[in-house]
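Quick note: residue numbers are just sequence positions, from 1.
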Amino acid sequence: MQLIKPDINVDFVGKRNMAFVLSIVLILIGIGSLIVKGGPNYGVDFAGGTLVQVRFEQNTTAGEIKKALIPNVLDNATVQQFGDDANEYLIRAQESDSGLQGLRSQILDALEPVYGAGTVDMRRIEMVGPQVGQELRKQGLMAILYAMIGILVYITWRFEFRFAVGAIVALVHDVLLTLGAFSLFGKEIDLPIIAAFLAIIGYSLNDTIIVYDRIRENMGKYHGSGLPLTVNRSINETLSRTILTSGTTLLVVLALFLFGGGVIHNFAFALLIGVLVGTYSSIFVASPILIAWQERTAGKSAA
């Protein structure tokens with residue numbers, strides 16, 4: 001199936017400088033948001049503390065829930081609505097030294113006198129100590145770093161070092177844009193989001209490899225055409241495949257984002273942003289990096 005004619009010739013390479021500027025601006029916006037907010041908004045997995053998911057049979061507000069819990073059970077707790085159910089809330093607090101069963105009883109003892117016996121459904125309780133959260137955060141960052149190093153080695157062996165540099169720059173670009181989106185929209189980063197980042201890296205790399213493989217093939221066939229024309233030809237030749245693959249993946253992720261529920265909402269959001277920026281970076285970042293590398297090398301040789 002081909003959505004695009006095989007002889008199409010969109011000038012992607014000619015728009016690379018504009019794409020570089022757009023990417024830099026978006027990355028700086030994300031970094032600025034992180035600086036203003038004091039870093040990423042870590043979830044309980046990384047920051048430590050207590051997370052309680054609770055549902056009420058009657059209508060209530062976050063303020064009423066906090067009034068019932070503070071200071072009787074949890075100090076400095078934050079309460080926010082969770083998912084599509086107006087009566088379902090997440091309660092977060094820094095305390096993590098009580099047992100799960102003991103905390104469950106304390107919360108029920110504080111809420112049931114206000115809302116009635118049997119009207120409060122405790123759906124989830126998670127506790128992570130601050131030391132454990134710090135270790136999990138470190139391990140998550142190391143997992144991403146090791147993935148990048150492995151990709152650098154593989155692409156260098158499979159293609160050339162300049163191809164590996166382009167792929168790594170594109171992957172860092174994707175992760176930074178996704179991280180910036182999380183900061184701008186105030187979403188939490190926890191262990192499932194690290195898994196989403198790794199999935200984004202894998203998806204973006206797969207798309208980049210397809211384009212790189214066609215570039216290498218066309219470099220042998222059209223070696224007299226010059227690298228910019230060869231890169232542009234290769235992107236156009238793989239464009240139909242890119243749109244089909246990214247489009248079908250995007251539909252699935254969008255369905256998860258819209259109908260998957262609050263538990264996987266942030267995970268689906270990360271994948272949604274990742275698929276979009278991963279497709280963009282394969283065309284406007286990874287491939288044009290090869291041209292920039294050649295131009296820089298040629299400039300040094302001329303000097």
Side-chain angles (χ1 to χ4, degrees), residues 33 37-134 136-137 140 181-196 252-273:
S33 176
K37 295 183 178 180
N41 181 20
Y42 290 118
V44 172
D45 290 343
F46 293 151
T50 302
L51 175 68
V52 181
Q53 181 180 342
V54 60
R55 187 185 184 281
F56 300 87
E57 291 188 3
Q58 58 182 288
N59 294 331
T60 185
T61 64
E64 293 174 350
I65 298 171
K66 290 179 67 175
K67 184 178 179 181
L69 291 176
I70 301 174
N72 300 324
V73 181
L74 298 172
D75 294 328
N76 302 318
T78 60
V79 182
Q80 68 181 73
Q81 188 177 339
F82 181 70
D84 299 327
D85 193 336
N87 296 326
E88 195 160 349
Y89 290 84
L90 283 181
I91 304 168
R92 294 181 176 84
Q94 295 298 320
E95 292 88 343
S96 59
D97 55 352
S98 301
L100 290 179
Q101 293 300 323
L103 181 62
R104 177 186 178 88
S105 301
Q106 292 177 40
I107 292 176
L108 288 176
D109 290 343
L111 294 178
E112 286 189 341
V114 179
Y115 296 99
T119 63
V120 181
D121 181 16
M122 301 285 294
R123 298 197 164 187
R124 176 172 46 135
I125 301 179
E126 296 178 3
M127 285 186 177
V128 177
Q131 187 65 32
V132 175
Q134 186 178 0
L136 290 174
R137 186 165 68 243
F182 264 72
S183 178
L184 287 171
F185 288 95
K187 295 186 176 297
E188 289 187 346
I189 296 178
D190 48 20
L191 281 176
I193 302 308
I194 296 298
V252 175
V253 175
L254 186 61
L256 284 176
F257 178 73
L258 295 176
F259 309 112
V263 175
I264 63 171
H265 184 80
N266 287 351
F267 180 82
F269 177 79
L271 291 181
L272 188 64
I273 299 297

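Partners of Arg124 by side chain to side chain donor-acceptor pair (under 3.5 Å), not counting sequence neighbours, listed by chain and number: Gln53, Glu126. Residues that satisfy the salt bridge (Lys or Arg N to Asp or Glu O under 4.0 Å) test with Arg55, not counting sequence neighbours, are Asp85. Qualifying salt bridge (Lys or Arg N to Asp or Glu O under 4.0 Å) partners for Glu88, counting only residues two or more places apart in sequence or in other chains: Arg123.
Note that CZ of Phe182 is 4.0 Å distant from CD1 of Ile193, once rounded to the nearest 0.5 Å. For the atom pair CG (Asp121) and CG (Leu111), the distance works out to 12.0 Å, reported to the nearest 0.5 Å. Interatomic distance, NZ of Lys37 versus CG of Leu184, reported as 6.0 Å (0.5 Å rounding). Here Asn266 contributes atom CG and Leu272 contributes atom CG; the two are 12.0 Å apart, rounded to the nearest 0.5 Å. From Asn41, atom CG reaches atom OG of Ser33 across 10.5 Å, with rounding to the nearest 0.5 Å.
When all heavy atoms of Pro113 and Leu108 are compared, the closest pair comes out as CD-O, 3.9 Å. Closest non-hydrogen pair, Val54 versus Met122, comes out as CG2-SD, 4.1 Å. Contact between Gly260 and Ile264 at its shortest, heavy atoms only, is O-CG1, 3.6 Å. Closest non-hydrogen pair, Ile189 versus Pro40, comes out as CD1-CB, 3.8 Å. Annotation for Gln58 and Asn87: closest pair O-OD1, 3.5 Å, computed over non-hydrogen atoms.
Using the six-membered ring where Trp is involved, Phe269 and Phe257 have ring planes that are tilted, between 30° and 60° apart. Classification of the Phe56-Tyr115 ring pair by plane angle, with boundaries at 30° and 60°, yields tilted.
Checked by atom type and distance alone, the side chain of Tyr89 pairs as donor or acceptor with a backbone atom of Thr60 at under 3.5 Å.
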